[in-house]
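Read through the structure below, which is laid out as structure tokens, and then see the notes.
We use all heavy atoms of the structure for the numbers below, so side chains are in, but hydrogens, waters and symmetry mates are not. Here is how names work: the chains are called A, B, and so on, in the same order as the sequence lines, proteins then strands, and each is numbered from 1. The structure displayed is predicted, hence computed values, not measured ones.
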Amino acid sequence: MNYWLMKSEPSVYSIDDLQRDKKWYWDGVRNYQVRNMLRDQMKIGDLAFFYHSNANPTGIAGMIEIASEAYPDHTAFDPKHRYYDPKSDPNNPRWWMVDVKFKQKFSHVMTLAELREHPQLKDLLILRKGNRLSITPLTKVEWQTILKIESAFT
DNA sequence: GCCAACGTTGGC
DNA sequence: GCCAACGTTGGC
């Protein structure tokens, strides 16, 4: 069982969209480091926080579950799609995606400033300067700390 | 909108 | 293989 944090711009796809859809595919990963984690380490049943980036407010908006093994990201094959990549060959796909399921929407968006207040989260990758990976792993302690912060609001 | 940080591209 | 130029991410 692994724990993740997955970023999405809510203007593209938000926790509310996933709550409506129940289950969706996580497309658009176009970074090799993220691709490798998604393809090689993500397992069905892993849990992830859904993070809203480039938003107001930005922060953790809810919890989701990985619902499939990785499979080829078909949006890379579609010339009309915003995530099209001519270098991804259907016979040897460069980019991969997983399915995700809605679990829970947080009572509030947990901002970076709020996360920074907790010493247990000092090594959280998204708090590190310059970290731009759209998917990052969390330790179990980090995962539980964030859940505990959230539960204090409910 | 600004800009720091980082990834990718391509000339050499 | 180096590295400058360029593009993208994402907080603020």
Do Arg30(A) and Thr75(A) meet the criterion of a side-chain donor-acceptor pair at a distance under 3.5 Å?
yes
Heavy atoms of other groups near Arg128(A) CZ, more than 12 under 6.0 Å
no
May I ask you to check whether Ser14(A) and Asp17(A) show a side-chain donor-acceptor distance below 3.5 Å?
yes
Please state how far atom CG in Asp85(A) lies from atom C1' in dG7(B), giving the value in whole angstrom units.
14 Å
Which residues in residues 125-133 of chain A have a heavy atom closer than 4.0 Å to any atom of DNA chain B?
Lys129(A), Gly130(A), Arg132(A)
In whole angstrom, what separates His52(A)'s NE2 from dG11(C)'s P?
12 Å
Within the pair Lys7(A) and dG10(C), is there a side-chain N or O less than 4.0 Å away from OP1 or OP2?
yes
Figure out the CZ/C1' separation between Arg30(A) and dG7(B), and round it to whole Å.
15 Å
Could you tell me how far apart Asn54(A) (CG) and dC3(B) (P) are, to the nearest whole angstrom?
17 Å
If you measure from CD on Gln104(A) to CE on Met63(A), what distance do you get to the nearest 0.5 Å?
4.5 Å
For a quick check of understanding: with a heavy-atom distance under 4.0 Å over all strands, which category does Arg94(A) fall into, base, sugar-phosphate or nothing?
nothing
Consider only side-chain N and O atoms of Trp24(A) and Asp99(A), and report whether a donor and an acceptor are under 3.5 Å apart.
no
Any Tyr51(A) side-chain nitrogen or oxygen under 4.0 Å from OP1 or OP2 of dG11(C):
yes
Rounding to a whole Å, what distance do you find between Gln33(A):CD and dA5(B):P?
18 Å
To the nearest Å, give me how far apart CG (Leu112(A)) and P (dT9(C)) are.
18 Å
Expressed in angstrom and rounded to an integer, what is the separation of Arg82(A) atom CZ from dT8(C) atom C1'?
12 Å
Drop me the distance from Leu124(A)'s CG to Thr139(A)'s OG1, to the nearest 0.5 angstrom.
8.0 Å
Taken to the nearest whole Å, CD/Glu114(A) to P/dC12(C) is 13 Å
Kindly compute the distance separating CH2 (Trp26(A)) from CG (Leu18(A)), expressed to the nearest 0.5 Å.
8.0 Å
